[in-house]
Amino acid sequence: MARQTGRGSPRWVKWSVIVVGVLVLTVVVLQLTGLGGQHGPGRHLPGSQVQPSVGVGHG
């Protein structure tokens with residue numbers, strides 16, 4: 001294999017960009033399809049389950 005000197009980006013930079021791009025694309029697809037599950041800042045706090053709203057004031 002011939003190595004290029006002085007031109008373009010190093011091979012590790014190109015592979016890093018490809019890997020990060022695939023990971024970001026995977027996260028976006030999981031979020032859009034709902035397969036990623038419930039995520040958010042309060043997910044691991046005790047009692048952080050969302051309560052259904054009560055129809056107060058309707059009627």
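Through chains of ILVMFWY side-chain contacts below 4.5 Å, Leu35 is grouped with Leu30. The other members of the hydrophobic cluster of Leu23, by chain and number, are Val19 (side-chain heavy atoms under 4.5 Å, ILVMFWY only).
Hydrophobic clustering (side-chain heavy atoms under 4.5 Å, transitive across Ile, Leu, Val, Met, Phe, Trp, Tyr) keeps Trp12 apart from Val20. Hydrophobic clustering places Leu32 together with Val24 (ILVMFWY residues linked when any side-chain heavy atoms are closer than 4.5 Å, directly or through intermediates).
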